[in-house]
Amino acid sequence: MSTNQNNSDNKFMRLAFKKASEHLGSTKENPSVGCIIVKNGSIVSSGVTSINGRPHAEINALKSNKNSFASTLYTTLEPCVHYGKTSPCINQILKKKISRVCYPILDYDKRTHNKAESILKKNKIKVKIGILKKKAKVFYKSYFLSQKNNSLPFLDAKIAISKDYFSVNKRKKWITNFLSRNQVHLIRSKYDCILSTYKTVNKDNSRLNCRIQGLEHLSPSRAIIDKHLKLKKKLNIYNSSKKIKTYVITSKNNKKKEKFLKSKNIKIIKIYNKKKFINYKAILVELKKRGFSRILCESGFYTTRELLKNNLIYNLHIFQSSDRLGKNGRNSYKNLLHNVKFKEKNKININLSGDELCNLRIK
């Protein structure tokens, strides 16, 4: 195959991944897939897996009345071939007379895994597998874990720090600026659950939702670790708990407090543990049972450090202010990774952003 064709395939597959990223974290048990249809070198249609997982990306891209005959279909994951709650995408691909199908990796779902290629070739459709394969493996890590038995959900963490590594400003509520905080709202939209603690919610009066116009509907569910049921009774989080699923994870029996939380539409998860420490793995298991596969932790130093020590975090998002706090700073993250031993298979990615970087993106 020519270099020009390879370059073209890479370009269109990148665009397909951009489509897939639009609903990452919002498609429930299904992966977020992007699909681009190209004819004579031009894009004629595109689609992404719908919110809550259906219809699939290929169906959304092919439902237009445009002529797809002799087109190339780029999709970020092997097209499904099995019947579930909907008919398989491959049926629509055959019906629309697509001439070539490209995808980077095989679907992890055993009902489809490595079955699409033979069906497509049998119907005289060219197939190319492996375009942007490395990117796909990273992008679908959370989906892979959700399909794997006895695995924990995909967990990332976010922290905000000053130039000199403090997480609390004694004089002001915020560490970073408005632009950096907006980046956090965008990050939240890529997860199906935010994990926090009662201390963080009580201290910051956090809302833990997406407040960028147009992304409000992508606000993830929320899970708050509150071992002894110490959440305050007047918090912003209660104002949206009717619309956004909110859980409190506790080991305490307190009928009065439980009744109050339930009156605020908050669901309670009980995890009993005789030992004093919090069992984070047990918490993640309970969240996976409730269908969560992509979780973002937004909490303080202790929780983030414990999750790191237990090798539970895949990506650490660090937002760093350009200001030094000095004596006005508290809770230093300078030694966050000190004595944390990472397993070879669980190396984490550090994603550093900051006020200066965010300003550069806007200009």
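Below, each value reflects all heavy atoms present in this structure, side chains not excepted, and no hydrogens, waters or symmetry copies.
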What I want to check is whether the side chains of [X] and [Y] have a donor and an acceptor closer together than 3.5 Å.
X      : Y      : value
Asp109 : Tyr143 : no
Ser68  : Ser71  : no
Tyr272 : Asn253 : yes
Asn6   : Lys128 : yes
Tyr83  : Asn91  : yes

inquiry  = Can you list everything that forms a side chain to side chain contact (heavy atoms under 4.5 Å, CB included) with Asn60? Sequence neighbours excluded, please.
reply    =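 Scan of Asn60 (side chain to side chain contact (heavy atoms under 4.5 Å, CB included), adjacent residues dropped) gives Ser50, Pro55, Lys63.
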
key: Pairing residues for Thr246 by the side chain to side chain contact (heavy atoms under 4.5 Å, CB included) criterion, not counting sequence neighbours   = Arg222, Ile224, Ser241, Ile266

Test of understanding: clusters of I, L, V, M, F, W, Y form through side-chain heavy atoms closer than 4.5 Å, transitively. Do [X] and [Y] belong to the same one?
X      : Y      : answer
Leu155 : Leu308 : yes
Leu235 : Tyr247 : no
Ile249 : Leu229 : no
Met13  : Val38  : yes
Ile237 : Ile244 : no

Residue list, side chain to side chain donor-acceptor pair (under 3.5 Å) with Asn328, at least two apart or on another chain = Arg171

ring-ring contact (aromatic ring centres under 6.0 Å, His included) against [X], all qualifying residues, sequence neighbours excluded:
X      : value
Tyr238 : Phe260
Tyr191 : none
Tyr103 : none

Return yes if some donor-acceptor pair links the side-chain N/O of [X] with the main-chain N/O of [Y] below 3.5 Å, else return no.
X      : Y      : answer
Glu78  : Asp107 : yes
His185 : Asn209 : yes
His23  : Thr49  : yes
Thr250 : Lys270 : no
Asp164 : Leu325 : yes

Nearest atoms (heavy-atom pairs only) where Thr200 meets Ser206 =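 That would be O-OG, 3.6 Å.
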
query = Would you call Glu22 and Lys19 a salt bridge, using N to O less than 4.0 angstrom?
reply =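 Between Lys19 and Glu22 there is a salt bridge, with a charged N closer than 4.0 Å to a carboxylate O.
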
For Glu58, salt bridge (charged side-chain N to carboxylate O under 4.0 Å, His left out) partners two or more places apart =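 Residues passing salt bridge (charged side-chain N to carboxylate O under 4.0 Å, His left out) with Glu58: none at all.
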
query = Looking at residues at least two apart in the chain, or sitting in another chain, which of them share a salt bridge (charged side-chain N to carboxylate O under 4.0 Å, His left out) with Lys289?
reply =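 Per chain and number, Lys289 pairs via salt bridge (charged side-chain N to carboxylate O under 4.0 Å, His left out) with Glu286.
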
query = Ile90 pairs by side-chain contact (heavy atoms from CB on, under 4.5 Å) with which of Ile98, Val81, Ile125?
reply =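 Output: one option passes, namely Val81.
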
ask   = Glu298 and side-chain contact (heavy atoms from CB on, under 4.5 Å): which partner among Thr303, Asp204, Val184?
value =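 Testing each of Thr303, Asp204, Val184 against Glu298, the sole residue satisfying side-chain contact (heavy atoms from CB on, under 4.5 Å) is Val184.
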
Calculate, to the nearest 0.5 Å, the distance between atoms [atom1] and [atom2] belonging to [X] and [Y] respectively.
X      : Y      : atom1 : atom2 : answer
Ile194 : Arg207 : CD1   : CZ    : 12.5 Å
Ile283 : Leu312 : CD1   : CG    : 10.0 Å
Arg294 : Ser146 : CZ    : OG    : 10.5 Å
Cys193 : Leu208 : SG    : CG    : 10.0 Å
Phe12  : Ile37  : CZ    : CD1   : 12.5 Å
Ser46  : Leu15  : OG    : CG    : 9.0 Å

query = Given a cutoff of under 4.5 Å between side-chain heavy atoms of I, L, V, M, F, W and Y, with clusters grown through shared members, what are the other residues clustered with Leu215?
reply = Ile51, Leu186, Ile212, Leu218

task = With ring pair (Phe, Tyr, Trp, His ring centres under 6.0 Å) as the test, would you mind laying out the steps for Phe154 and Tyr314 before giving the verdict?
result = CA-CA 7 Å; Phe154 183 84; Tyr314 288 91; 4.9 Å; yes

message = Could you check whether atom NZ of Lys18 has more than 12 heavy atoms from other residues, nucleotides or ligands sitting under 6.0 Å from it?
response =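 For Lys18, atom NZ is not crowded (no more than 12 foreign heavy atoms under 6.0 Å).
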
request  = Inspect the surroundings of CZ in Phe69 and state if more than 12 heavy atoms from other residues, nucleotides or ligands are less than 6.0 Å away.
outcome  = no

Can you pull out every side chain to side chain donor-acceptor pair (under 3.5 Å) where at least one residue sits in [range]? Sequence neighbours excluded, please.
range            : value
residues 114-123 : Glu117-Lys121
residues 225-236 : none
residues 27-41   : Glu29-Arg54

Pi-cation contact, Phe17 with Lys135 (under 6.0 Å, within 45°) =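 Yes, cation above the ring, under 6.0 Å and within 45°.
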
